[in-house]
2 protein chains.
Amino acid sequence: MQKCTKCHQVDGVIKAGFIRGNQRFFCKICSQHFILENAFKSDLKKNGQSTITDVANALGVSISTVSRALNDKSDINPDTKKAILQAAMELDYRPNLLAQSLHKGKTNTIGVIIPDVEHPFFAKVLAGIQQVANSSCFRIIVCHSNESKSAEILNTETLIDCRVDGLIISHSKETTSFEHIKKIIDKGIPVVQFDRIITELNTHNVMHQDYKGSFDLVEHLILQGCERIAIMSGPQEMYICKQRLEGYKAAFQKYGREINEEYIVHSNIAKKDCLDVFDYFMSLEYPPDGIFTILNRNGVEMMKIAKERGIRIPQEIAFAGFGDDILAEYFEPSLTVFNHFPPAIGQEVMKVLIRLIENKTHFPAYNHFIEGELVVRQSSQKGGYIK
Amino acid sequence: MQKCTKCHQVDGVIKAGFIRGNQRFFCKICSQHFILENAFKSDLKKNGQSTITDVANALGVSISTVSRALNDKSDINPDTKKAILQAAMELDYRPNLLAQSLHKGKTNTIGVIIPDVEHPFFAKVLAGIQQVANSSCFRIIVCHSNESKSAEILNTETLIDCRVDGLIISHSKETTSFEHIKKIIDKGIPVVQFDRIITELNTHNVMHQDYKGSFDLVEHLILQGCERIAIMSGPQEMYICKQRLEGYKAAFQKYGREINEEYIVHSNIAKKDCLDVFDYFMSLEYPPDGIFTILNRNGVEMMKIAKERGIRIPQEIAFAGFGDDILAEYFEPSLTVFNHFPPAIGQEVMKVLIRLIENKTHFPAYNHFIEGELVVRQSSQKGGYIK
DNA sequence: ATAGCTATCGGAAAGGTTTCCGCAAAGCTT
DNA sequence: AAGCTTTGCGGAAACCTTTCCGATAGCTAT
């Protein structure tokens, strides 16, 4: 039988059930329960990173003293402090941000959810966000929803679990509801939306001039002499699409033109949609002589199709698109666009969020607009008047 | 005077100095020190996120039981478990990843350092990394070095502080030394390099076929009939530049051509360098009739300059560039390139890293190559032989 | 009834920090 | 020398989890 671990007798020991797979014993003599020790207990701790405790042990001081030295607190002897700093350096001590964040209840990390990094617009916004974040000592965690609503929801959960101090989001094309964002707001986490926003949420939003940009572009096409201007818009529920369509209509109105619904198409603004939309436009009794695409790349794609068919740009059809891009600039003919300055959007988003995080007193939600500018290029210059 | 907090007498109490701004007292009767209580102690905890303790309190069970329920452990009554899960749902409980990671000593997070998100190559690699990371339940933190060595070093420190489980890096143009990476390796954190690697480090690297790709492109130009092929290369110390230059030379060798150093330029591969390099080429006694740029965008930029000067492409000068891109495809003339499949690189990088993290038994370092392919387009088709 | 078990749960430690509070010794003032 | 003050440091709690171990009540088979 087994020897008791306490009184070291054998006689009184009886089996006393199993516990988590281990035989359990009971010693009737000293009336204690025990199980067989697991002998080797994984002695392979010490994962290479030294801690505040290591520094304290190295000098024979307490961890509180080390902490005070490291954090530049008072109540410490200058000599002690110097010694601690020296030891920390030698041990290559680096603070454990996990422990710090856990203790402080804040992580200095903000989450960013974007639909697609490969999209140059989002890449540039991201660069703007990064820039401001760096100079304010915030880290960012970037998640991609890949234009999927379920992925977006998963992303929000991940970021909550990471205890980010704030969230920046531009929604996927699929996203029309907003409970997942509501949940974050309810937890008291500041949220800033940009570009693809959901207006029902009472958050701060950073926007480009969708309305004005579209207006300017369409006005430009009108002044260039286009008679029938078509628009390739995006999903109907998307706020930016609505705004851009409004801008389109407003320009028509200003010049006393009638709006013909035949020339308005709602698509999924994907590359592959362009061919269908273009074919549709060409199938009309009076095909357009000007096409405005809500997305610059759609404009380039359509121009490519038009070129292949021998259509002269801008003489037969003029083109204009929203948002600038190297492709818009280098393509031949180059595309007239409204540049909405993506990096400025990123910077502003981050600045607003930081203000929100630091002034816990949530100032009233507000739409921030970044001013853009019309960039006239070859695709639209019919020789008409340039404003 | 003050009443003692213990014996409630007044007589024996004397002042006993200040401590952190508060008056301190000493009671001679019960010989204890005390200070005046601060009365209101900030009751405003509860930052909105419920914890395992909240769930436990809601049901009157212990936190260990809640933990077992949440983590699908045995040793729990199914009814209890159901109740706990229900309560957790109602309280919108989400585990605190900080606490989990701190406890487990691993974060399931990996750090990625890239020089520039706006560069389409890196954006695509990033997308590949994300994809594999998502399906393996790893989070990623992306840092941008912005082509600066000091920023890169800062990034590595940040990521160490976050206790990432592994690191993926492509170095900045400035980075030629490697102590900062060595330090990470010494801490036992797995590192995988890609694209811009430092060969002195004994890490796993994921590469494209720099040598073969260059060879193929240059061979293609030779077969098309180019007599004087120039190369715009990058910083001399960069490994990929060396490799691409080697490929260029190897093609020359295969066809018995002599290498003329005049046609080899090392630049900083920035957009603004293209004009100078092109001017230099044109200033030669016998200007090149074929230009190979190590970076596809440099090729496009040069073609743009050439077009502006009325040079016919490819008749007078043929062009080829390394790496595919929407601009290379859409520009007119479209650019012949070697496509190195950036997303595949990202996927492979992440897969290798995960293997490294999970098999702690570090298998020997190894260079992983992603196969690319030659994409022949207008910029090089002089009518010669296409392999 | 009792020896031997099982099922279920609670307590506590550990992970790395920061910070509150207390203590001792030394210094200063009458 | 007694009373008061300052300096410098250590102990311990708290942040939120997970997990090891111990405990108890009730069950089964003799």
What residues 91-99 of chain B contributes to the DNA chain D interface at heavy-atom separation below 4.0 Å is B:Tyr93, B:Arg94, B:Pro95, B:Asn96, B:Ala99

Looking only at side-chain N and O atoms, does B:Gln131 offer a donor or acceptor that is under 3.5 Å from a partner on A:His144? no

To the nearest angstrom, the NZ-C1' distance between A:Lys104 and C:dT18 comes to 8 Å

Under-4.0 Å side-chain N/O to phosphate OP1/OP2 contact, A:Lys73 with C:dT19 | yes

Here the distance between atom P of C:dG16 and atom CG of A:Asn71, to the nearest Å, is 17 Å

Taken to the nearest whole Å, NZ/A:Lys82 to C1'/D:dC9 is 19 Å

* Asked: For residues A:Gln193 and A:His171, is any side-chain donor paired with an opposing acceptor at under 3.5 Å?
  -> yes

Between A:Thr65 and A:Ser62: side-chain donor-acceptor atoms closer than 3.5 Å
yes

To the nearest angstrom, the CG-P distance between A:Asn77 and D:dT6 comes to 18 Å

A:Lys106 atom NZ is separated from C:dT18 atom C1', nearest whole Å, by 14 Å

message = On the nucleotide D:dC16, are OP1 or OP2 found under 4.0 Å from the side-chain N or O atoms that B:Thr51 carries?
response = no

(request) Tell me yes or no: between the side chains of A:Thr175 and A:Ser172, is some donor less than 3.5 Å from an acceptor? (result) yes

Ignoring hydrogens and angles, tell me if any N or O in the side chain of B:Thr158 forms a donor-acceptor pair with the backbone of B:Leu154 under 3.5 Å. yes

**Request:** Please evaluate the base of D:dC9 for a donor-acceptor partner in the side chain of A:Asp75 within a cut-off of under 3.5 Å?
**Result:** yes

Atom CG of A:Asp79 and atom P of D:dT7 are separated, to the nearest Å, by 15 Å

* May I ask you to evaluate whether A:Thr80 reaches the phosphate of D:dC9, defined as a side-chain N or O under 4.0 Å from OP1 or OP2? => yes

When A:Ile189, A:Leu159, A:Ile357 are each screened for side-chain contact (heavy atoms from CB on, under 4.5 Å) with A:Ile110, the one that passes is A:Ile357

Donor-acceptor pairs under 3.5 Å, side chain of residues 85-101 of chain A to any protein atom, not counting sequence neighbours: which ones?
residue  : atom : partner  : partner atom : Å
A:Gln86  : NE2  : A:Glu90  : OE2          : 2.8
A:Asp92  : OD2  : B:Lys187 : NZ           : 3.3
A:Arg94  : NH1  : B:Asp161 : OD1          : 3.0
A:Arg94  : NH1  : B:Asp161 : OD2          : 2.8
A:Asn96  : OD1  : A:Leu98  : N            : 2.8
A:Asn96  : OD1  : A:Ala99  : N            : 3.3
A:Ser101 : OG   : A:Leu97  : O            : 2.7

* Does NZ in A:Lys149 sit with more than 12 non-hydrogen atoms of other residues, nucleotides or ligands closer than 6.0 Å? -> yes

Just the atom pairs and distances: protein N or O near nucleotides 11-13 of chain D's N or O, under 3.5 Å.
residue : atom : partner : partner atom : Å
D:dG11  : N7   : A:Ser64 : OG           : 3.2
D:dG11  : O6   : A:Ser64 : OG           : 3.4

Separation of D:dG8 atom P from A:Lys81 atom NZ, nearest Å, is 11 Å

Has A:Gln100 got a side-chain N or O lying under 4.0 Å from the OP1 or OP2 atom of C:dG16?
no

Here the distance between atom P of C:dA13 and atom CG of B:Leu102, to the nearest Å, is 17 Å

Testing the 3.5 Å rule here: is there a donor-acceptor pair between the side chains of B:Asp165 and B:Thr107? yes

